[in-house]
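Atom set for the values below is all heavy atoms of this structure, side chains included, hydrogens, waters and symmetry mates excluded.
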Amino acid sequence: MRATQFFLATLKEAPADAEIVSHKLMLRAGLIKRVAGGIYTWMPLGLRILRKVENIIREEMDRAGAIELLMPAVVPAELWQETSRWEMYGPELLRFKDRHQRDFVIGPTHEEVITDVARREIKSYRQLPLHLYQIQTKFRDEIRPRFGVMRGREFLMKDGYSFHASYEDLQREYQNMHDTYTRIFTRLGLSFRAVAADTGSIGGTGSHEFHVLADSGEDAIAFCPSSNYAANVELAEGVAPALPRKDHSEQMKRVATPDKTRCEDVAEFLGLPLTKTVKAIAVMHNEQFFLLLVRGDHTLNEIKTSKLPFLNPFRFASDDEVERFLGCRPGYIGPVGIAHDVQIIADRTVAQMSDFVCGANEAGFHLTGVNWDRDLREPNYVIDIRNVVEGDPSPDGMGPLSICRGIEVGHIFQLRTKYSEAMRASFLDESGQPRAMEMGCYGIGVTRIVGAAIEQNHDDRGIIFPRAIAPFEVAIAPIGYGKSQPVQNAANTLYSELKASGVDVLLDDRDERPGVMFADLELVGIPHRITIGERGLKEGMVEYQERCNTASVKIPLAHIGAYVRELLGA
RNA sequence: CGGGGUGUAGCGCAGCCCGGUAGCGCGCCUGGUUUGGGACCAGGAUGUCGGAGGUUCGAAUCCUCUCACCCCGACCA
């Protein structure tokens, strides 16, 4: 591609509303233009990147035996009503009516549509397994779109769905996809990690997320550096402390803690470590009142909590309810001396504590030196209900956990029969019996990958694209293209040669000053650059420079074509 | 949804407090000089000052409403 025949739209200054690097750089490099909140136009240069990502995914999915199809973005409400997701989904599902007042949605995911295809087409176990996928534009009306393309409302997604005659076969395909995703992200040149995950609203059992590791990631991942354990913190198990509960050494005392409602304030006020305090959280389930206890420095994990059968679903108690059940406003509530019909659920860590501090159920007072059994009844339940923190023991017993941040770019689920049962997608097995199909579902955020790749690969000059997804592999930067016939000839010849051998090359024939040219080519992230100037040509040399490296090397003009082809394996 | 902030030329911003009819840098156009890291000189074009209403002789500026966008929060006793 010649730059004069293309459309570069770089910006010297990033628009003020961009926050994270990838967003700023994407705007500056002219990859995207904002049209509305969370909705972007992909400019020609950006689209080249998106297409490369897409094609790698497509190649690997095909190789893994999946078959591509394309489902509609607009889906009739009836399909969503069949699985009750029409009611379950919140406002992030974009709904609208057509001219006949019939309800439709813009699909945020396509389990219903694909299951509808499967139940119409698949009659026999002989047709299974089947894995269908698409690469398609999705819409999710996010509460708060942000970070540019990273959490957009409209985005490109690869979503695949597999159908199986048995759970064993689903597990086989799940592993196949685990391997395939690993290949895809490796080929994309990303540093990533597969982590055990929560299944969220889509439902099902087994699930892994694939995260690109980046400090700006929205998800926290707990992993064990000395083993391959990795899990979303939402899911990572908080194990019980190894040591048993210590014997009490203090008497319980009531102390005044005026205006100290947060554990941090109480600990500081009393001169005690935060780990000696207990935080009490009041929740309601079916008008029944529960008190949840976590250590002061820990936080409640709502996902774990909501999975407890006797609490599902739960909501936080209102201030009035807290007062009604405990006789005290929030801020000073605690588990001591409360009515027997209030169930106490203690986190494992709390159950092991002794001589701790908690609210006295009396405004302005806390209790210190509190001990289980002696001062209050043992909890009704001792369960893992908190988020793990750095340094917690790894659930696999292989040492302390570390926590890092990641950008979720892929997610695989074992859906089992959730959708096939709801939509009566069944087949006849070997014995002629109808059975619900086992299903798996596998997503990749194509759009988000571009942002994540930039987040992971950039410097102060701009983007450093991994070669596999760079908009161009090589740039030719001729200095004085319009002035110098030798430069122009050398540049044109090299351009033709590389193009003929299938190299994705950009010839910057804009006749810009060298500074402008270099700045643009670096901003845009082209991995390799060949600079051709009269100065070098006099000695028969051109310069080669790698984007990720500041040093350049002189190469004889006569060899440069072969040099680049060698470099790229073209 | 709650809190905070911002809307002025394609982009970044000033002007607003103290009302007098809009400016700077970059970019863009023309001509010339330049050409190894975002050139220089000369000339030029570009704005419903986010929108509506109000106050006023007069509103980018003051008041009311509204829309859009950004940031933070939505973990909490």
Side-chain angles (χ1 to χ4, degrees), chain A residues 8-20 23-24 27-28 30 33-39 90-91 143-148 220 233-234 257 259-266 277-284 291-294 296-306 314-323 325-326 328-335 358-363 366 385-387 461-462 477-484 487 510-523 529-538 541-543 545 550 552 554:
Chain A
L8 292 174
T10 57
L11 253 33
K12 262 192 191 173
E13 290 169 291
D17 51 11
E19 186 65 15
I20 61 171
H23 189 196
K24 283 184 189 155
L27 290 169
R28 279 194 57 206
K33 297 282 174 190
R34 196 189 73 89
V35 177
I39 298 175
I143 306 178
R144 188 179 155 205
R146 59 183 133 180
F147 304 147
V233 286
E234 292 173 347
T257 50
D259 302 321
K260 309 294 180 201
T261 58
R262 295 167 51 229
C263 284
E264 289 81 359
D265 298 335
V266 173
T277 62
V278 167
K279 183 160 30 182
I281 301 156
V283 301
M284 302 293 293
L291 203 58
L292 310 180
L293 304 178
V294 295
D297 59 321
H298 288 156
T299 53
L300 182 71
N301 182 311
E302 292 184 36
I303 292 173
K304 290 177 185 174
T305 306
S306 64
F314 80 93
R315 61 176 173 83
F316 292 104
S318 68
D319 289 3
D320 287 343
E321 284 165 338
V322 172
E323 182 150 30
F325 285 96
L326 299 178
C328 172
R329 305 294 287 185
Y332 294 95
I333 63 175
C358 64
N361 291 322
E362 181 181 351
H366 277 78
I385 53 169
R386 69 175 174 95
N387 290 312
R461 293 179 174 187
I479 290 162
Y481 185 83
K483 263 279 169 47
S484 163
V487 166
R510 294 176 298 172
D511 201 24
E512 282 287 356
R513 302 175 64 82
V516 173
M517 225 167 16
F518 295 157
D520 275 349
L521 296 176
E522 282 162 356
L523 172 62
R529 182 177 83 204
I530 292 141
T531 308
I532 302 176
E534 274 195 324
R535 214 169 63 186
L537 282 184
K538 284 189 184 128
M541 301 295 241
V542 298
E543 271 167 58
Q545 185 172 346
T550 46
S552 66
K554 289 192 176 174

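Contact check for A:E362 versus A:Y332: no side-chain heavy atoms found under the 4.5 Å cut-off. Taking 4.5 Å as the limit, some side-chain heavy atom of A:N361 sits within range of a side-chain heavy atom of A:I333. Between A:L537 and A:I532, the closest side-chain pair of non-hydrogen atoms falls below 4.5 Å.
Listed for the A:S306 side chain is a donor-acceptor partner under 3.5 Å among the backbone atoms of A:I303. Without hydrogens or angle criteria, A:K304 side chain to A:R386 main chain gives a donor-acceptor distance under 3.5 Å.
Under 4.0 angstrom from either OP1 or OP2 of B:rA39 there lies at least one side-chain N or O belonging to A:R513. Considering only side-chain N and O atoms, A:R144 lies under 4.0 angstrom from the phosphate OP1 or OP2 of B:rC71.
Considering only the side chain of A:R146, B:rC72 comes nearest among B:rG36, B:rC72, B:rG37. Distances were taken from every side-chain heavy atom of A:K483 (C-beta onward) to each of B:rU35, B:rG73, B:rG37; the shortest belongs to B:rU35. Side chain of A:R529, nearest nucleotide from B:rA74, B:rG37, B:rG36: B:rG37.
Residues passing the ring pair (Phe, Tyr, Trp, His ring centres under 6.0 Å) test with A:F314 are A:F316, sequence neighbours excluded.
B:rC57 sits 35 Å from B:rG10 when the P atoms are compared, rounded to a whole Å. Across B:rU56 and B:rA74, the matching P atoms stand 47 Å from one another, rounded to whole Å. With C1' as the reference atom, B:rG47 and B:rU64 are 26 Å apart, rounded to whole Å. Nucleotides B:rC18 and B:rG2 place their P atoms 31 Å apart, quoted to the nearest Å.
Within 3.5 Å, a donor on the side chain of A:E543 pairs with an acceptor on the base of B:rG36, or the reverse. Judged by distance alone with a 3.5 Å cut-off, no donor-acceptor contact links the side chain of A:R28 to the base of B:rG10.
Across all strands shown, B:rG2 forms a Watson-Crick or G-U wobble pair with B:rC72, both key distances being under 3.5 Å. Across every strand in view, B:rC18 sits unpaired, with no contact that passes the Watson-Crick or G-U test at under 3.5 angstrom. A 3.5 Å limit on both hydrogen-bonding distances identifies B:rG32 as the Watson-Crick or G-U partner of B:rC40.
Of the two residues contacting RNA chain B, namely A:A36 and A:T299, the nearest-nucleotide position lying further toward the 5' end is that of A:A36. When each of A:K279 and A:F147 is assigned the nucleotide of RNA chain B bearing its nearest heavy atom, the one mapping closer to the 5' terminus is A:F147.
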Could you pull out the protein-nucleic contacts involving nucleotides 11-14 of chain B (nitrogen or oxygen on both sides, under 3.5 Å)?
from   : atom 1 : to    : atom 2 : distance (Å)
B:rC11 : O2'    : A:E13 : O      : 3.3
B:rG12 : OP1    : A:A16 : N      : 2.8
B:rG12 : O2'    : A:E13 : OE2    : 3.3

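Under the side-chain contact (heavy atoms from CB on, under 4.5 Å) rule, A:I479 has a single partner from A:M517, A:R513, A:E512, which is A:M517.
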